[in-house]
Amino acid sequence: MKILNLEKTLQSHFGLSSFRPLQREIIEAVMHEKDVLAMLPTGAGKSLCYQLPTYLKQGSTLIVSPLVSLMEDQVQQLRMIGEKHVIAFNSFLSYRDKRIATHQLSNYKFIFASPEMLQNSFFINALQQLNITLFVVDEAHCISQWGHDFRPDYLRLGEVRQQLGEPTCLALTASATPRVLDDIKERLCLHNPSSFYTNIDRPNIAMLVEKVDSLDDKITKALSYCRVLEGPGIIYFSSRSWCERFTALLEKDKSVAFYHAGMEHSERKLVQQQFINNQLDVICATSAFGMGVNKNNVRYVIHFHYPYQLESYLQEIGRAGRDGEPSVAITLITKGDEQLASSLIHQDLPNENQLLAVLSEINGNASSQLTKERERIYQIQFQLSETGWRFIRYHLREQHVVDENDIIQLFELDELYQYLVNQIIARQKDKQYKLQAMHEWLFNSSECRRAQLVAYFQGELQSKPKYCCDTCQPIPLDEFSSPSNQKPEWGNWLDELKALLLHGHVEA
DNA sequence: CGAATCACGCTTAAGCGTGATTCGGTGCCTTAAT
């Protein structure tokens, strides 16, 4: 079809002369109103895949984005190329701004929103007045990774799409297993989608898993790597307090900061910016850090704690070496790590007692309205986590126990209880299965780690790079060391750490 | 779920046992009006 047309638009709107791999194919499928599921590595130009069709199509494009910061970035990027008809509809807008925006929504070609905002009926009503011709889900693996408990509104996107008249859907992600891809297809109600996958292997990242004898050894190792390896680098932890402690230990030798979700937004933004601008050598972070961070020259990623799934591992190490230069990913493991990883699986969803109690209470209030205030009371009364309550609420609506006007319908207690218990068990089994795969990968040191990782995403390793992984050959870490590195001065970190632990949190 | 730590009571008053408490990732969105 319109080959000239695509090239012309690419040149006129984006100032580019040629497409990167798969971009053309994806755009052509979208232009043919095919649903598309695309797995492209970060930096492969995913945004263009919806931006260009938006210029060629009638109507507007709705982009579902997981983070407000990501929306803001995209909006800014579009404004840079001169696009004015773009809006991020999120909580950064005041009530007044939102009202104005809903009235003028037809002015916008690009509308960014979170899954949560798409549950707002006023917003949906306003969207229904428009001609939405493309429905984009950015970072679509979030549907599977977050939708089942943490952010259940992700599971409602298929319904939202229906409400908008089933526009063409483009789901984009950088890392998804076949199971996750199936989940995305099902949840978004993709009809016979065109699928585009590229290999997830990153040949310039050497992979290394190192067993150490104790936690003390782990700290020593991690500190020494941070001092010796050429930066900048990222260290991932599974707890906020560890991020802060380790930052304090490194502070003397390195320019370092921590990053986790317990910080103020402004501070997070500042730290991220400093890291991107090469003002920091090392960043100590939880899994909160990374999505939407465009930095090419990260040289190493250390996992002080490993994540509970290989999808997260792949995303996290993938933040190294985007410039294609040699980089290294090191995972440090010791006794007791399994416990921390599995604890993260079990803590969020309600236990059986809580579940039974809250369901009885709700049933007792049948035919009254489930107000926000009452939700808050339930959450406190039955000591449910925010995620725990949202999980219950999602299923109450799914099972029509709460109708569209939030009125509670009388229900069969045992039946609903059993249903929810089964849901929770299924969810935990799924997470357990993923953790098990993670453990197999960590502890099976007889097969090539790279091949195992690629196989988990159902790919096949074409060729092994020079520095592959620790099961293939020893990785010479000297090659990844900073040339200017002097012999590091060993402080007495153990005493420092003890002092920190005694005095609780580290002053920022 | 499970370990580490804390609080407390028992007691040949310094240290032990026991039970309670704490700690372990991720982010939208926050009222009524449109």
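To find a chain, count down the sequence lines: A is the first, B the second, and so on, and within it residues start at 1.
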Legend entry - Nearest-angstrom distance, P atom, B/dG17 to B/dT12: 15 Å
Legend entry - Within residues 98-106 of chain A, residues whose heavy atoms come under 4.0 Å of DNA chain B: A/Lys98, A/Arg99, A/Thr102, A/His103
Inset, instruction - State which residues pass side-chain hydrogen bond (donor to acceptor under 3.5 Å, both in side chains) with A/Thr61; sequence neighbours excluded, sorted by chain then number. - result: A/Thr54
Legend entry - B/dG24 phosphate, OP1 or OP2, under 4.0 Å from A/Ser343 side-chain N/O: no
Inset, instruction - Pull up the glycosidic torsion of B/dA13 and say syn or anti, syn being anything within 90° of 0. - result: syn
Inset, instruction - Measure from NZ or CZ of A/Arg179 to the centre of the six-membered ring of A/Tyr433 and say whether it is under 6.0 Å with the direction within 45° of the ring axis. - result: yes
Inset, instruction - Could you tell me which residues satisfy side-chain hydrogen bond (donor to acceptor under 3.5 Å, both in side chains) with A/His303, sequence neighbours excluded, listed by chain and number? - result: A/Glu316
Legend entry - A/Glu116 side-chain proximity, nearest of B/dT26, B/dC29, B/dA33: B/dC29
Inset, instruction - Nearest 0.5 Å please: distance from the OG atom of A/Ser94 over to the CZ atom of A/Arg99. - result: 9.5 Å
Legend entry - Chi class for B/dT30: syn within 90° of 0, otherwise anti: syn
Inset, instruction - Dot-bracket for DNA chain B, please, read 5' to 3', with Watson-Crick or G-U wobble pairs under 3.5 Å on both distances, ( ) within the strand, [ ] crossing, | other strand, . unpaired. - result: ((((((((((....))))))))))..........
Legend entry - Distance, rounded to the nearest Å, where A/Asp337 contributes CG and B/dA3 contributes C1': 14 Å
Inset, instruction - Output yes when at least one side-chain N/O atom of A/Ser241 is less than 4.0 Å from OP1 or OP2 of B/dG24, else no. - result: yes
Inset, instruction - When you get a sec, tell me which of B/dC28, B/dT26, B/dG24 is the closest nucleotide to the side chain of A/Asp348? - result: B/dT26
Inset, instruction - For A/Met291, report the nucleic acid contact type (base, sugar-phosphate, nothing); a contact means any heavy atom under 4.0 Å. - result: nothing
Inset, instruction - Report the nucleotide, chosen from B/dC28, B/dG24, B/dT26, that has the shortest atom-to-atom distance to any side-chain atom of A/Trp146. - result: B/dT26
Legend entry - Sugar-phosphate only, base, or nothing, as touched by A/Leu344 at under 4.0 Å among non-hydrogen atoms: base
Legend entry - Among B/dT26, B/dT30, B/dA33, the one nearest A/Ser287 by side-chain distance: B/dT26
Legend entry - Nearest-0.5 Å distance that lies between atom CD1 in A/Ile87 and atom NZ in A/Lys98: 11.0 Å
Legend entry - Which residue lies more 5' along DNA chain B, comparing A/Phe122 with A/Phe89 via nearest heavy atoms: A/Phe89
Inset, instruction - Using whole Å, report how far CD1 of A/Ile143 lies from C1' of B/dG27. - result: 16 Å
Which atom pairs, one a donor and one an acceptor, fall under 3.5 Å between side chains of residues 121-132 of chain A and the rest of the protein, sequence neighbours left out?
| unit_1 | atom_1 | unit_2 | atom_2 | d |
| --- | --- | --- | --- | --- |
| A/Asn125 | ND2 | A/Ser121 | O | 3.2 |
| A/Gln128 | NE2 | A/Gln163 | O | 3.1 |
| A/Gln129 | NE2 | A/Asn125 | O | 3.1 |

Legend entry - A/Pro66 vs A/Asn120, nearer the 5' end of DNA chain B by closest nucleotide: A/Pro66
Legend entry - Distance, P atom - from B/dC28 to B/dC23, rounded to whole angstrom: 25 Å
Inset, instruction - Tell me which nucleotide among B/dC29, B/dG24, B/dT26 gets nearest to the side chain of A/Arg240. - result: B/dT26
Inset, instruction - Give A/Tyr308 one of three labels, base, sugar-phosphate or nothing, depending on what nucleic acid heavy atoms sit under 4.0 Å from its own. - result: nothing
Inset, instruction - Please determine if a side-chain N or O atom of A/Arg376 lies less than 4.0 Å away from the OP1 or OP2 oxygen of B/dC29. - result: no
Inset, instruction - May I have the distance from A/Asn125 (atom CG) to B/dA33 (atom P), rounded to whole angstrom? - result: 13 Å
Inset, instruction - Just call it for A/Glu386: base, sugar-phosphate, or nothing, with non-hydrogen atoms closer than 4.0 Å on any strand. - result: base
Inset, instruction - Could you check whether the rings of A/Phe382 and A/Tyr378 sit parallel, tilted or perpendicular, using 30° and 60° as the cut-offs? - result: tilted
Inset, instruction - Please measure how far the P atom in B/dT18 lies from the corresponding atom in B/dA14, and state the result in whole Å. - result: 22 Å
Inset, instruction - Please state the P separation for the pair B/dT11 and B/dC16 - nearest whole angstrom. - result: 16 Å
Inset, instruction - Side chain of A/Thr286 only, please: which of B/dT26, B/dG2, B/dG27 is the nearest? - result: B/dT26
Inset, instruction - Can you measure from CG (A/Asn422) to OH (A/Tyr417) and round to the nearest 0.5 angstrom? - result: 10.0 Å
Inset, instruction - If a pair satisfies salt bridge (charged side-chain N to carboxylate O under 4.0 Å, His left out) and one of its residues is in residues 296-307 of chain A, list it, with sequence neighbours excluded. - result: A/Arg299-A/Asp323
Legend entry - A/Lys295 to A/Phe275 six-membered ring, cation-pi geometry met (6.0 Å, 45°): yes
Legend entry - Atom pair NZ (A/Lys46) and CG (A/Leu172), whose distance is rounded to the nearest 0.5 Å: 7.0 Å
Legend entry - Minimum-distance nucleotide (side-chain atoms of A/Arg245 versus B/dG24, B/dG27, B/dC29): B/dG24
Legend entry - Interatomic distance, A/Glu139 CD vs B/dT26 C1' [rounded to whole Å]: 13 Å
Legend entry - Nucleotide nearest A/Gln339 when distance is taken to its side chain, options B/dG27, B/dT30, B/dG24: B/dG24
Inset, instruction - Determine the Euclidean distance between corresponding C1' atoms of B/dT21 and B/dT26; express it in Å to zero decimal places. - result: 25 Å
Inset, instruction - Among the candidates B/dT34, B/dC28, B/dT26, find the nucleotide nearest to the side-chain atoms of A/His260. - result: B/dT26
Legend entry - For A/His439, the option from A/Tyr313, A/Tyr308, A/Tyr306 that meets ring-ring contact (aromatic ring centres under 6.0 Å, His included): A/Tyr306
Legend entry - Between P of B/dT26 and CZ of A/Arg319, the distance in whole Å: 13 Å
